[in-house]
Amino acid sequence: MQRRELVEGWSFKQRDLAKTLEEDSAAEEGWLPASVPGVVQGDLLALGIIPDPFQSLNEVAVQWVGESDWLYRCRFSWSPDDRAHGETTLCIGGLDTCATVWLNERQILVSDNMFLAHRVPVQALLLPGDNELLIVFESPLRIGQAREAEMGKMAVWNGDSSRVYVRKAQYHYGWDWGPSILTAGPWQPIWLENAATRIADMHCPIEIDEDLQYARFAARVTVEHPEPTSLAELHVALYNPADELVAERTFSRLEETLEHTFDVERPELWWPYDYGAQERYRLVSTLREGDVIMEVKEQRLGVRRVQLVQDAIVGEAGKSFRFEVNNVPVFCGGANWIPADMLLPRV
């Protein structure tokens, strides 16, 4: 597998709604250098165009940013030789939030959920030499308020009430501890990937017996192989917390979903803080073709039995509400973790 990060050649500008998208994107004036991953406020702040929104009352002075539409553009080169490594896919880690993506003037994606990643086959649209990726970000405030006008106002205790209609981090609309900063932009990495066969997903739920003496690791690996080859195989291995091999399985015939359950006697347990060690197993999936390793994915897994105990309370109405971990009642305390920065890519 080959992966090429699109981190160079990015620029951005405020969308001019008086022009058509074609006119606006083709006009060379107004484009500014952009960082990707990034958001509009981060680039504007770096360029000195807006004041620091976290100081004084500057939050009010930057509200226009979240109320505007924005264009992001990436110009990059591509060689047909890249095809030797399989289908070319445009991979997007996340778009914040209401975005339409164009490649060489062809619309390839519409997204209105900042929490989703996307994979779009683009080999047929790529041109030898220069290519242009264009992303249009519409104001989440305008989109949300339009949906609210159509479907009705919902009760919220803070922030603009239209936020409930937008799959965007809700704290961006303001919270008791933070300002209202409606970010927009490609907040996660964007890259081109070439892979004929790849590990698309790996999932391993764990079941443990009541007496904690036996655990089952139900490994499930999803493989994409648009060009199946008899040489490709998948090796799945489970290692204990001491990094010793517990068990392994090799699949010489690749299907879309490959499943195997690893049975472990007397598993080493994961405990909450102050109750014991946080032991974790390691599940490793290796995709290879002959002697060539094509991809490796790994997960770290804790084995624990968690129960919510709700027993009748003698002489009182209602039931108990307590948690047991590994059959031991635990005290549940905690803290409210807020984002380390409203401009997420800066973290």
Side-chain angles (χ1 to χ4, degrees), residues 93-94 115-117 169-170 198-224 232-288 293-340 347:
F115 307 111
L116 295 182
Q170 297 290 277
R198 59 181 289 268
I199 300 173
D201 189 35
M202 186 166 70
H203 183 53
C204 188
I206 302 170
E207 292 184 2
I208 183 169
D209 288 352
E210 185 175 354
D211 62 5
L212 310 178
Q213 294 301 301
Y214 200 82
R216 289 166 291 279
F217 292 71
R220 178 185 176 123
V221 183
T222 303
V223 177
E224 288 183 358
E233 65 178 24
L234 180 74
H235 178 258
V236 184
L238 181 67
Y239 297 85
N240 66 18
D243 215 28
E244 300 166 334
L245 180 65
V246 175
E248 59 186 333
R249 168 72 189 275
T250 297
F251 298 89
S252 56
R253 179 180 177 182
L254 296 187
E255 300 176 354
E256 181 178 357
T257 301
L258 303 167
E259 298 178 313
H260 181 74
T261 298
F262 295 102
D263 298 324
V264 177
E265 293 187 58
R266 295 182 294 278
E268 298 181 61
L269 303 176
W270 179 98
W271 291 90
Y273 176 74
D274 240 8
Y275 285 83
Q278 289 78 49
E279 302 288 9
R280 290 192 295 171
Y281 287 74
R282 194 163 62 94
L283 183 70
V284 181
S285 293
T286 304
L287 186 65
R288 60 165 57 98
I293 295 178
M294 304 169 69
E295 188 174 12
V296 178
K297 283 200 172 182
E298 177 179 321
Q299 286 185 351
R300 294 177 67 82
L301 307 166
V303 181
R304 72 275 189 272
R305 183 172 186 261
V306 182
Q307 286 183 292
L308 170 61
V309 180
Q310 293 186 280
D311 294 330
I313 301 175
V314 178
E316 296 184 29
K319 297 180 179 180
S320 66
F321 193 97
R322 73 173 191 274
F323 287 96
E324 291 184 356
V325 177
N326 300 332
N327 303 329
V328 176
V330 298
F331 171 76
C332 291
N336 179 17
W337 170 258
I338 65 174
V347 177

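Sequence positions, counted from 1, serve as the residue numbers for this chain.
Surrounding CZ of R220 are at most 12 heavy atoms belonging to other residues, nucleotides or ligands under 6.0 Å away.
At least one donor-acceptor pair under 3.5 Å links the side chain of Q278 to the backbone N or O of W271. No side-chain donor-acceptor contact under 3.5 Å links N327 to the backbone of D211. A donor-acceptor contact shorter than 3.5 Å links the side chain of N240 to the backbone of A242. Here the side chain of Y281 pairs a donor or acceptor atom with the backbone of E268 at under 3.5 angstrom.
L238 has its side chain within reach of V264: a pair of non-hydrogen atoms, C-beta onward, lies under 4.5 Å apart. With contacts defined as side-chain heavy-atom distances shorter than 4.5 Å, the pair E324/P329 qualifies. Proximity of V246 to F262: side-chain heavy atoms (C-beta onward) are nowhere separated by under 4.5 Å. Using a 4.5 Å heavy-atom cutoff, the side chains of E233 and R288 are in contact. Contact of the L287 side chain with the V221 side chain is not registered, since no non-hydrogen atoms from C-beta on lie closer than 4.5 Å. Two residues are said to be in side-chain contact when any heavy atoms from C-beta on lie closer than 4.5 Å; V325 and Y275 fail this criterion. For the pair R249/F251, a side-chain contact is recorded, criterion being any heavy-atom separation below 4.5 Å from C-beta on. Contact check for W270 versus E279: no side-chain heavy atoms found under the 4.5 Å cut-off.
Pairing each heavy atom of D243 with each of R282, the nearest pair is OD1-NH2, 2.8 Å. Of all non-hydrogen atoms in N326 and V303, the two that sit nearest each other are OD1-O, 4.4 Å. Nearest heavy-atom pair across H235 and T250 is CD2-OG1, 3.1 Å. For Q299 against M202, the heavy-atom pair with the smallest separation is NE2-O, 2.6 Å. Shown here for K297 and A200, the closest heavy-atom pair between the two residues is NZ-O, 3.9 Å.
Between the CD atom of E259 and the SG atom of C204 there is a distance of 11.0 Å, given to the nearest 0.5 Å. If you take CD on Q213 and CD1 on I208, they are separated by 8.5 Å, rounding to the nearest 0.5 Å. Rounding to the nearest 0.5 Å gives a distance of 11.5 Å between NE2 of H260 and CG of L258. In this structure, the separation between CZ on R300 and CG on L283 is 12.0 Å, given to the nearest 0.5 Å. For the atom pair L254 CG and E224 CD, the distance stands at 12.5 Å (nearest 0.5 Å). Distance check: S285 OG to E295 CD gives 9.5 Å after rounding to the nearest 0.5 Å.
In summary, R305 and D209 do not engage in a salt bridge, as defined by a charged side-chain N under 4.0 Å from a carboxylate O.
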